[in-house]
Amino acid sequence: MNQEPDAAAHVALQLVEKMIDQSLEPSEQSTLEALVLNNANARRVYVERLHLHAVLKEARFKQPQSLADVLQSSMPTTVNTPAATAVSVRSRWLGLWLPLTAGVVLMIAGWFFGRWQDQEQTQTFARLVEVKGARWGSNRLPTEPGAGFGEGRLKLAAGLAVIEFGSGAKVTMEGPAELEIINQDRCYLHAGTLTAHVPPQAVGFVVDTADARLVDHGTDFGISIGSEGRSQVRVFEGRVELQHHNSGDTLELLTRQGANISREKMQPSSREEDETGALRKHRIPYGDETVMLSSAEGQGRAAYAWSPGTDLHFSDQLLMVKYCGRPDFRRKAWLGFDLSRLADKQVLEATLTLMFEPTGWGYASLLPDAVFSVYGVTDDALDDWNDETINWDNAPANDPDGKGADMNKAVKLGSFTMPAGVLDGAFSISGAELASYLNRDGNRYVTLLVVRETGEVGGGGVVHGFAGNKHPLLRPPTLYLSLQKDHDK
Amino acid sequence: MNFPDSTEEFVFLLAQHERLLRGYLGALIPHAQDADDVLQETKLRLWRAFSQFERGTNFAAWARKVAFHQVLAYRKRKKRDRLDFSENFLKAVADEYENLEPQLMQREQLLQGCISRLPDEHRELLHLRYTEGCSLEELALQLKRTVAALYRQLSRIRHVLHECVTQNLGKEDAHESRA
């Protein structure tokens with residue numbers, strides 16, 4: 001067969017499509033066979049397309065909620081967005097063939113999945129528009145902007161999530177919080193804090209709580225439910241109306257006015273600011289002078305690089321780290337934090353937290369307790385790296401032949417240990433070295449290097465991974481910083 | 001991974017490689033139902049022979065070897081009216097699988113991201129076709145479209161997914177070659 005390579009591949013593709021559709025004629029099958037035998041491009045098309053078809057048979061096209069959610073709530077949360085790694089791993093398990101050890105559990109889980117899958121996609125009432133360090137309680141909800149929500153409950157474990165309702169009202173949930181979406185202009189706050197911006201077209205937006213109903217008349221406001229069920233409302237600008245369930249009282253709040261609500265009563269709050277400080281507009285609620293800064297903010301970056309010869313096992317979402325005796329398959333991660341938000345404030349205390357997740361590669365049993373170290377790059381000129389083009393040779397302060405960093409260009413900031421067999425969870429370093437390193441930095445940008453110092457016994461040891469800036473569920477690498485107060489200066 | 005027993009280890013390894021194996025058999029056996037049957041037989045055969053699998057070696061390669069024998073056995077006993085490929089063809093395709101394995105694994109990982117970028121109605125169609133297993137005829141009735149139109153649309157969606165994965169793979173390759 002002497003067809004042009006592209007033409008051969010094109011014909012092969014048409015025939016593969018017919019084969020997938022089970023409508024391939026015998027004569028066409030002979031043609032396909034000849035093409036595949038004689039043309040490398042056609043052979044590649046044949047294998048790749050049939051592989052795609054096979055994988056699609058077990059792919060998930062709708063995102064399931066967590067089993068716990070299905071059990072807990074009669075109200076389905078429908079979500080039509082990106083399935084995450086965790087989901088696809090889980091579903092692969094659910095799709096398993098033999099009812100072996102975990103058979104019963106899998107069968108029950110499968111039943112619930114089936115039940116959920118049967119429910120038709122309901123209407124979308126709200127969309128996720130922005131997230132900052134968000135982690136959902138169920139670990140099944142999307143953190144990618146654009147995700148749509150129908151009627152149902154959203155449990156935010158940490159971080160911030162901005163949700164825009166169909167009416168135009170924009171609500172910022174501050175984790176931990178639990179919000180139930182009822183329709184496009186109504187929600188129920190079960191726990192936690194939210195702030196809302198309600199543009200003119202969304203006037204009439206309602207936030208219900210256990211004790212009172214808030215009807216908006218065009219404002220920015222905040223509402224917070226404390227641990228004992230007492231809630232506070234504060235109007236930043238505009239006007240809201242409160243209706244207390246038990247007493248039947250109503251209250252109108254204007255700009256900078258607030259109210260305290262309990263089961264028994266509702267009272268205007270005389271203070272300009274609320275007592276807890278929870279309801280300050282557009283502030284991340286981590287205490288007055290504590291800030292949370294992730295590698296996804298500003299000019300922040302996160303990437304990993306691998307030693308030459310590594311040809312398998314990569315990830316878009318996880319930053320992989322591994323050290324082993326052989327020169328290939330080693331991996332280290334680099335993090336860039338944009339400190340410009342701190343201006344010239346002194347850092348008093350600092351913690352760096354990484355969220356680990358199993359990568360699925362290698363055997364954890366081949367590795368003892370694993371020690372990880374974090375290094376800070378000292379030469380500001382090296383901060384100008386690129387997360388797309390970083391590699392083993394150009395990565396800032398890499399020691400290409402060793403476990404760690406080039407100590408002429410970096411300082412060690414701390415270490416942590418993951419016990420043998422543990423592959424997930426939050427791990428941190430903190431201490432004076434990290435804080436003073438951040439204070440010494442000249443250009444308000446720091447580059448950190450994360451390495452695993454522990455090698456494996458023999459080959460095939462586990463590859464560790466923690467969330468980078470593109471993980472759909474887990475928080476990116478984050479610095480928690482306690483800053484010098486302004487009046488301390 | 002630390003496995004308390006070989007059953008769990010087997011389930012884990014199979015889960016990792018089942019889709020690759022499904023694609024492999026789909027490429028060697030033109031009739032979809034037969035390919036599925038041989039996949040079931042192969043899995044059973046793998047489980048029975050698992051004690052002979054040498055830990056630390058390539059499970060996928062071992063599974064394909066077992067599967068290839070199952071394909072040959074199937075060809076001996078299958079109905080005569082079924083379409084069939086020549087043995088040369090089987091060998092060429094099997095070799096291609098060996099060459100492409102790392103890439104096919106990467107493709108698998110990238111696919112979910114590409115699926116999530118599809119418009120809702122395309123995902124819905126894939127769900128009906130692949131997850132629910134509806135035939136094109138059933139879909140045509142349900143969605144009030146012609147079979148030909150659905151065939152073209154499914155082809156196009158698969159093409160979009162393939163191109164999306166290829167593009168992302170390209171990014172990784174470029175990244176890797178600079179390493």
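By number of non-hydrogen pairs under 4.5 angstrom with chain A, the leading residue of B:Y24, B:Y97, B:Y151 is B:Y151. Here B:L126 is the residue among B:L118, B:L126, B:I115 with the most heavy-atom pairs under 4.5 Å with chain A. With chain B as the partner, the residue from A:M19, A:E48, A:H53, A:R49 showing the most heavy-atom pairs under 4.5 Å is A:R49. Contact count against chain B (heavy-atom pairs under 4.5 Å) is highest for A:L56 among A:L37, A:L56, A:V16. The greatest number of non-hydrogen atom pairs below 4.5 Å with chain B, out of A:I20, A:V55, A:L50, is found for A:V55. Ranked by heavy-atom pairs under 4.5 Å with chain A, the list B:G23, B:P102, B:G26, B:S155 is led by B:S155. Ranking B:A35, B:A92, B:A32 against chain A, the residue ahead of the rest is B:A32, based on heavy-atom pairs under 4.5 Å. Contact count versus chain A (heavy atoms, under 4.5 Å) is highest, among B:M105, B:R117, B:H159, for B:H159.
Between the side chain of A:S307 and the backbone N or O of A:P327, at least one donor-acceptor pair lies under 3.5 Å.
Under the side-chain hydrogen bond (donor to acceptor under 3.5 Å, both in side chains) criterion, B:Q109 pairs with no residue at all, not counting sequence neighbours.
Annotation: A:F61 is not in aromatic contact with B:H122 [ring centroid separation under 6.0 Å not met]. A ring-centre distance under 6.0 Å is found for B:F10 and B:W47. Aromatic rings of A:Y46 and B:F89 (six-membered ring for Trp) have centroids within the 6.0 Å cut-off, being under it. Aromatic pair B:F53/B:F59: ring centres closer than 6.0 Å.
Only the side chain of B:R107 comes within contact range of chain A, judged by heavy atoms closer than 4.5 Å. Proximity to chain B involves both the backbone and the side chain of A:R44, based on heavy atoms less than 4.5 angstrom apart. Proximity to chain B is limited to the side chain of A:Q22, based on heavy atoms less than 4.5 angstrom apart. Looking at B:L104, both its backbone and its side chain come within 4.5 Å of chain A, counting heavy atoms on both sides.
Here A:K18 does not pair with A:D21 in a salt bridge; the nearest charged N to carboxylate O distance is not below 4.0 Å. For the pair A:R43 and B:D95, the salt-bridge criterion is not met [side-chain N within less than 4.0 Å of a carboxylate O].
Heavy-atom neighbours of chain A within the stretch residues 135-150 of chain B, taken at a separation under 4.5 angstrom, comprise B:L136.
Ring pair B:W62/B:F50 is tilted by interplanar angle, where 30° to 60° counts as tilted.
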